[in-house]
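Basis for what follows: all heavy atoms, side chains included, without hydrogens, waters or symmetry-related copies. On a predicted model such as this, the values are computed, not experimentally measured, just so you know. Within every chain, numbering begins at 1; the chains are lettered A, B, ... in the order of the sequence lines, protein sequences first and strands thereafter.
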Protein chains: 2
Amino acid sequence: MELRHLRYFVAVAEAGSLTVAAQNLHTSQPSLSRQIRDLEDEIGVQLLGRSARRIELTAGGRAFLDHARAVLTQAEAGAEAARRVAHPAKPCFAMGFLTGHELTWMPEALQILRDELPNIDVMISSQYSPLLADGLSKGKIDAAFLRRERGMPELAFRPLVKEPLMVILPIDHRLAARKAISPGDLVGETFVTVSATAPVLRLVIDNYLKRSGLNITPAHERIISRWECP
Amino acid sequence: MELRHLRYFVAVAEAGSLTVAAQNLHTSQPSLSRQIRDLEDEIGVQLLGRSARRIELTAGGRAFLDHARAVLTQAEAGAEAARRVAHPAKPCFAMGFLTGHELTWMPEALQILRDELPNIDVMISSQYSPLLADGLSKGKIDAAFLRRERGMPELAFRPLVKEPLMVILPIDHRLAARKAISPGDLVGETFVTVSATAPVLRLVIDNYLKRSGLNITPAHERIISRWECP
DNA sequence: TTCGCTTACGTGGTCCGTAACAATG
DNA sequence: CATTGTTACGGACCACGTAAGCGAA
């Protein structure tokens with residue numbers, strides 16, 4: 001038994017399918033199938049129930065899954081513990097920013113850190129809001145400036161600013177001359193909204209449009225894959 | 001990182017030397033050295049302090065060692081848990097008997113189990129005494145009727161019966177007519193004793209013959225590979 | 001000089017990817 | 001008939017073993 005088998009098995013269990021698990025693992029599906037079979041042969045228990053059209057965990061597989069996850073996290077924790085002990089015992093403060101918003105907060109934050117904790121390493125990370133929240137909950141980031149992600153009860157959010165929603169138009173657009181635009185004016189326009197990598201902001205915009213009585217269907221949207229403030 | 005790396009590292013840490021660890025692992029010393037180095041490269045921490053003449057664990061190595069041991073035991077526990085869940089499913093009482101002695105105790109034991117634990121699966125295993133003791137100490141058997149094996153401090157033995165030593169003869173043998181036979185009468189006979197798979201009984205017989213002043217050498221024995229009461 | 005770890009290098013096992021096959025909805 | 005998992009097979013990589021190198025006792 002090797003950690004590879006456990007990684008593969010966990011991926012299969014979480015994906016519920018050999019095919020998609022193989023894609024997630026960036027390997028081929030037959031190879032994955034073979035590795036799972038080898039694992040089953042070694043521990044002498046059938047972990048997956050095969051039905052030629054789909055797979056499902058057996059009772060033994062469910063019992064094994066918890067242990068496999070624990071083994072993988074423990075192995076990673078061991079490496080992390082070794083790094084923490086071996087590497088300098090120098091305290092390091094990791095800070096996260098929304099991509100494109102670094103200049104909004106970083107100068108002031110760095111100055112405060114320099115004043116209050118002069119003998120500290122500062123690590124900066126720029127990510128999308130969900131990745132920042134993930135880093136916070138995993139302890140990889142000590143503090144971050146991000147949006148209020150839902151489903152993260154272990155995180156404490158404190159509002160710092162309210163951001164106005166803006167519409168950006170070509171200079172020669174029919175609405176460009178106006179001082180203010182009401183949601184109704186946008187009906188019929190090709191609407192470029194933010195990508196799904198910023199779900200909170202996306203939700204705010206969608207809710208605002210919905211409250212205004214508009215029904216911007218997906219047909220009116222163009223999803224952009226990367227959103228950066230100019 | 002693979003479990004192989006962890007197994008190797010634990011072996012090296014316990015042996016305190018690459019050479020003897022390689023012998024214990026049945027692999028070559030250069031290969032082991034390379035694997036340890038790969039592990040160090042992957043987690044980015046030097047685990048062993050090399051002094052060209054001997055090695056010792058670094059601080060990071062000591063921190064990693066505990067986790068590595070935990071990972072290995074957890075992996076093994078996962079396999080064992082899967083087997084326990086998959087195979088029995090019901091509470092299962094495993095009972096062991098000496099081969100050939102099942103009928104002596106099984107009926108009464110089964111009746112007691114049926115009365116006190118009606119909703120339980122009973123598993124019966126017939127083995128030689130050492131294998132039964134091994135199964136008991138590994139938790140594969142809950143209780144067994146066997147001989148008092150030595151070197152098993154984790155087992156509790158309770159005497160149930162004393163078995164007389166018997167000599168079995170052909171009906172036309174010169175000693176067959178006697179009511180009792182003294183050890184001295186056996187001198188010169190071709191002696192069929194029990195196999196080495198029953199070391200305790202064998203020891204009892206040998207000691208008895210020795211106390212009687214006899215010297216039944218191996219030349220007078222024929223080792224039988226299987227012993228069963230007729 | 002010897003012992004113990006490292007480096008170099010050729011070989012074999014095995015893991016992987018492509019392809020063909022089987023089965024089920 | 002298309003999708004999903006299995007079997008077959010050729011290739012590449014990596015771990016292993018042998019041999020040579022290096023440094024300290």
Side-chain angles (χ1 to χ4, degrees), chain A residues 1-62 64-65 68 71-72 75 79 86, chain B residues 1-62 64-65 68 71-72 75 79 86:
Chain A
M1 192 189 338
E2 294 297 332
L3 286 183
R4 180 186 55 256
H5 295 116
L6 303 185
R7 280 189 276 263
Y8 284 8
F9 174 68
V10 170
V12 169
E14 289 178 347
S17 148
L18 285 175
T19 305
V20 308
Q23 293 169 355
N24 295 339
L25 292 167
H26 304 98
T27 185
S28 70
Q29 186 272 335
S31 178
L32 182 58
S33 175
R34 176 65 176 272
Q35 293 297 315
I36 297 293
R37 177 166 294 276
D38 288 348
L39 176 62
E40 290 176 320
D41 288 348
E42 177 165 355
I43 71 178
V45 173
Q46 191 168 0
L47 301 172
L48 265 49
R50 274 88 162 174
S51 355
R53 190 61 173 179
R54 72 163 180 270
I55 58 173
E56 59 179 359
L57 285 179
T58 64
R62 282 189 295 273
F64 189 71
L65 179 59
V71 166
L72 293 175
Chain B
M1 192 190 334
E2 294 297 332
L3 285 183
R4 180 186 56 256
H5 296 116
L6 303 185
R7 280 188 276 262
Y8 283 8
F9 174 69
V10 170
V12 169
E14 289 178 348
S17 147
L18 285 175
T19 305
V20 307
Q23 292 170 354
N24 295 340
L25 293 167
H26 303 97
T27 186
S28 72
Q29 186 272 333
S31 178
L32 181 58
S33 175
R34 176 64 178 275
Q35 294 297 313
I36 297 293
R37 177 166 294 275
D38 288 347
L39 176 62
E40 289 176 322
D41 288 347
E42 177 166 354
I43 71 177
V45 173
Q46 191 169 0
L47 300 173
L48 266 49
R50 275 87 162 174
S51 352
R53 192 62 174 178
R54 71 162 182 271
I55 59 175
E56 58 179 359
L57 286 179
T58 65
R62 283 190 294 272
F64 190 71
L65 179 59
V71 166
L72 293 175

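Closest to the B:Y8 side chain, of the nucleotides D:dG5, D:dC16, D:dA25, is D:dC16.
Residues A:S28 and B:S17 both approach DNA chain C. Their nearest nucleotides, taken by heavy-atom distance, put B:S17 toward the 5′ side. DNA chain C is contacted by both A:R34 and A:R54; A:R34 maps to the nucleotide lying nearer its 5′ end (nearest heavy atom per residue).
Checked by atom type and distance alone, the side chain of A:Q35 never pairs as donor or acceptor with a backbone atom of A:H5 at under 3.5 Å.
Here the C1' atom of nucleotide D:dC16 and the CG atom of B:D38 are 12 Å apart, to the nearest Å. Atom CG of B:L32 and atom P of D:dT18 are 15 Å apart (whole Å). Between the CD atom of B:Q35 and the P atom of D:dA15 there is a distance of 5 Å, rounded to whole Å. At whole-Å resolution of the value, CG in B:L3 and P in D:dA15 are 14 Å apart. With rounding to whole Å, A:I55 atom CD1 is found 13 Å from D:dT6 atom C1'. Taking atom CG of B:L25 as the reference point, atom P of D:dG17 lies 10 Å away to the nearest angstrom. Between B:E2 atom CD and D:dC13 atom P the separation is 18 Å, expressed in whole Å. Here the P atom of nucleotide D:dA15 and the CZ atom of B:R37 are 15 Å apart, to the nearest Å.
Dense packing is recorded around CZ of B:R50, with more than 12 heavy atoms of other residues, nucleotides or ligands lying under 6.0 Å away. Annotation for A:R7: atom CZ counts as buried by contact number, over 12 foreign heavy atoms lying within 6.0 Å.
Rounding to the nearest 0.5 Å gives a distance of 11.0 Å between CZ of A:F64 and OG1 of A:T58. For the atom pair CG of A:L6 and CG of A:L65, the computed distance is 10.5 Å after rounding to the nearest 0.5 Å.
Checking the phosphate oxygens (OP1, OP2) of D:dC16, no side-chain nitrogen or oxygen of B:Q29 falls inside 4.0 Å. Residue A:S33 places at least one side-chain N or O closer than 4.0 Å to OP1 or OP2 of D:dT6. Under 4.0 angstrom from either OP1 or OP2 of D:dG17 there lies at least one side-chain N or O belonging to B:T27.
Ion pair A:R34/A:D38 flagged as a salt bridge, since at least one NZ, NE, NH1 or NH2 atom sits closer than 4.0 Å to an Asp/Glu carboxylate oxygen.
Boundaries of the chain B contact region on DNA chain C are C:dC3 to C:dT7, first to last in 5' to 3' order (nucleotide atom under 4.0 Å from a heavy atom).
Of all heavy-atom pairs between B:L18 and B:S33, the closest is CD1-CB, 4.1 Å.
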